[in-house]
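Predicted model, so just to flag it, every value in this text is computed and none were measured. Each ligand, and each atom within it, is numbered from 1 in the order the structure gives.
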Amino acid sequence: MSAAIQKNYFLLRRLHSLSGIIPVGAFFLIHMLLNSRAAQSPDQYQWVPDFLDQIPYLVYIEIGGILLPILFHAVLGVVIAVKGEPNVTRPQHGWAENWGYTFQRITGVLLFILIAVHLWQTWWVHTRIKLDNALNGTHTEFEIYSLMNGIFVNAGSGGAVSYNWLWLAIYALFVLAAAWHFGNGIYNFACKWGFSTSRQSQRFALTLGLGIGAIGMVMGFASIWGLTFAPWATAVH
Ligand code: HEM
Ligand code: HEM
């Protein structure tokens with residue numbers, strides 16, 4: 001490790017911890033909320049990119065406010081995960097806490113891969129359309145429902161449809177990993193920043209964190225339902 005990094009390592013770790021809550025954790029909750037509009041109807045879901053695209057300087061907000069903070073949290077997170085001692089066998093902490101520590105790292109590395117694939121599959125498709133429209137004067141619309149629906153549902157011949165179980169499983173795992181990582185992360189954050197010092201307040205932070213993670217999970221699963229199993233999900237084909 002270079003001297004400059006070593007000198008600022010404490011600060012970097014604090015920034016890493018904070019970035020997990022704001023902006024990355026906050027983004028996760030808002031993202032799940034907006035995606036859950038797919039469980040209302042394709043039109044309601046289309047409202048999301050149509051509305052967001054009206055925000056001025058959106059690309060800078062996306063890059064500076066979402067993508068770079070995630071990249072920072074992800075890269076330092078992988079460094080911590082690889083460096084960190086897997087302490088499941090160390091007896092100082094309770095069994096659940098040890099598994100929590102290890103699982104935070106495992107889900108972190110998993111999220112790194114899943115987010116990279118996800119950005120390629122979604123954000124990049126939208127960005128390419130926007131670039132094309134700006135550079136070539138085209139007026140192509142980004143159809144968010146058919147993009148996501150096309151990942152989960154295959155159109156067969158004669159209107160028959162089948163489900164893409166592999167992508168469904170990957171997205172279910174993605175939502176679960178993010179929700180758990182965020183929920184347990186809220187508890188870690190509360191302990192690290194001194195908000196929860198007593199045993200009782202730590203239990204409260206864990207319950208609160210996992211509760212918030214569960215809200216994200218429910219909205220994520222509602223989105224998947226709306227994109228795959230809702231009555232309108234097979235009608236688009
Ligand atoms: C039900 C599961 C999910 C669905 C249906 C979904 C859908 C989408 C879609 C359609 C986009 C492109 C939006 C646009 O360009 O207008 C997107 C972007 C994105 N998603 Fe997801 N997503 C899901 C889960 C997640 C999870 C668990 C994460 C992890 C935190 C995540 C992180 C992101 C990020 C970072 C972007 C780029 C945001 C931006 O800068 O605009 N997604 N997602
Ligand atoms: C992109 C891949 C990601 C990686 C590699 C990663 C990695 C990590 C690691 C290793 C930790 C433990 C840090 C420590 O022990 O000091 C951590 C903590 C945390 N992460 Fe992530 N993470 C990722 C994505 C996310 C996402 C999408 C969210 C929010 C939904 C998030 C929220 C948090 C929170 C709240 C913490 C707790 C901070 C603390 O320990 O004080 N992370 N992350």
Side-chain angles (χ1 to χ4, degrees), residues 12-32 34-39 45-46 48-53 58-59 61-84 100-116 118-130 142-145 147-149 151-152 168 170-193 209 212-213 216-217 219-228:
L12 279 175
R13 286 294 289 261
R14 281 290 156 139
L15 276 176
H16 180 261
S17 170
L18 186 63
S19 66
I21 304 284
I22 291 170
V24 182
F27 165 78
F28 166 68
L29 281 184
I30 295 171
H31 191 50
M32 292 301 97
L34 293 179
N35 274 306
S36 71
R37 297 210 79 175
Y45 194 36
Q46 185 61 38
V48 176
D50 288 352
F51 170 73
L52 293 178
D53 278 343
L58 179 68
V59 69
I61 299 173
E62 275 182 342
I63 293 175
I66 305 169
L67 296 177
L68 284 180
I70 288 189
L71 190 66
F72 167 75
H73 183 90
V75 170
L76 194 54
V78 169
V79 172
I80 296 168
V82 171
K83 250 173 49 118
Y101 173 94
T102 302
F103 236 67
Q104 191 72 8
R105 283 157 173 72
I106 294 174
T107 48
V109 174
L110 193 65
L111 284 168
F112 188 89
I113 300 162
L114 293 176
I115 290 176
H118 180 61
L119 287 180
W120 174 255
Q121 230 175 11
T122 60
W123 179 79
W124 180 236
V125 173
H126 190 181
T127 303
R128 230 174 31 208
I129 290 177
K130 284 196 273 197
F142 170 59
E143 291 181 1
I144 191 169
Y145 190 88
L147 173 78
M148 295 312 293
N149 173 265
I151 294 173
F152 299 132
L168 275 167
I170 291 172
Y171 267 80
L173 182 70
F174 189 22
V175 169
L176 276 177
W180 190 87
H181 184 93
F182 183 40
N184 188 59
I186 291 173
Y187 160 68
N188 288 341
F189 178 89
C191 297
K192 201 172 285 174
W193 291 75
I212 293 175
M217 181 193 74
M219 292 191 296
F221 279 117
S223 320
I224 294 176
W225 176 83
L227 292 165
T228 314

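The protein non-hydrogen atom at the shortest distance from atom 38 (C) of ligand 1 is Phe27 CZ, 3.9 Å. Nearest protein neighbour of atom 1 (C) of ligand 1, counting heavy atoms only, is Gly220 O, 3.6 Å. If you check which protein heavy atom lies closest to atom 39 (C) of ligand 1, you get Trp123 CD1, 3.6 Å. Atom 26 (C) of ligand 1 has its closest protein heavy atom at Phe174 CZ, 3.3 Å. Here the heavy atom of the protein found nearest to atom 30 (C) of ligand 1 is Phe28 CD1, 4.0 Å. Of the protein's heavy atoms, Leu119 CD2, 3.4 Å lies nearest to atom 37 (C) of ligand 1. In this structure, the protein non-hydrogen atom closest to atom 7 (C) of ligand 1 is Asn35 OD1, 3.4 Å. Summary of contacts: the protein heavy atom closest to atom 41 (O) of ligand 1 is Glu62 OE2, 2.9 Å.
Within the structure, ligand 1 has Leu227 among the residues with a heavy atom less than 4.0 angstrom away.
When the heavy-atom distances from atom 28 (C) of ligand 2 to Asn184, Val24, Leu18 are ranked, the shortest goes to Val24. By heavy-atom distance, the residue among Thr122, Ile63, Leu52 lying nearest atom 9 (C) of ligand 1 is Thr122. Comparing Lys83, Gln104, Arg13, Arg14 against atom 12 (C) of ligand 2, the shortest heavy-atom distance belongs to Gln104. For atom 5 (C) of ligand 2, the nearest non-hydrogen atom from the set Ala178, Gly25, Ser17, Gly108 comes from Gly108.
Counting the atoms of ligand 2 from 1 in the order shown, those under 4.0 Å from a heavy atom of Val78 are 5 (C). If you number the atoms of ligand 2 from 1 as listed, the ones under 4.0 Å from a heavy atom of Phe189 come out as 41 (O). Proximity to Ile115 (heavy-atom distance under 4.0 Å) selects the following atoms of ligand 2: 1 (C). Ligand-side atoms of ligand 2 in range of Arg105: 15 (O), range being under 4.0 angstrom from any heavy atom. If you number the atoms of ligand 1 from 1 as listed, the ones under 4.0 Å from a heavy atom of Met148 come out as 5 (C), 7 (C), 10 (C). Less than 4.0 angstrom separates some heavy atom of Met32 from each of these atoms of ligand 1: 23 (C), 24 (C), 25 (C). Applying the 4.0 Å criterion to heavy atoms of Lys192 picks out, from ligand 2, the atoms 14 (C), 16 (O), 39 (C), 40 (O), 41 (O).
Checking only distances, His126 does come within under 3.5 Å of ligand 1, N or O to N or O.
Less than 4.0 angstrom separates atom 35 (C) of ligand 1 from at least one non-hydrogen atom of the protein.
Inspection of the Asn188 and Tyr101 side chains reveals no N or O donor paired with an N or O acceptor under 3.5 Å. Counting only N and O atoms by type, the side chains of Trp180 and Gln104 include no donor and acceptor under 3.5 Å apart.
Between Trp193 and Phe189, the gap from one ring centroid to the other is short of 6.0 Å.
Between atom 21 (Fe) of ligand 2 and His73 there is an N/O/S contact shorter than 2.8 Å.
Only the side chain of Ile144 comes within 4.0 Å of ligand 1, judged by heavy-atom distances.
A donor-acceptor distance shorter than 3.5 angstrom exists from the side chain of Asn149 to the backbone of Leu227, with no hydrogens or angles considered.
For Phe103, the CZ atom counts as loosely surrounded, since its 6.0 Å shell holds 12 or fewer non-hydrogen atoms of other residues, nucleotides or ligands.
Residues Leu67 and Trp123 have side chains in contact (heavy-atom distance under 4.5 Å, counting atoms from C-beta outward).
Classified by interplanar angle (parallel below 30°, tilted 30° to 60°, perpendicular above 60°), the ring pair Phe182/Phe28 is perpendicular. Taking the six-membered ring where the residue is Trp, Tyr45 and Tyr145 present perpendicular rings, their angle passing 60° and hence far from 30°.
The angle that His118 NE2 and His31 NE2 make at atom 21 (Fe) of ligand 1, rounded to 10°, works out to 170°.
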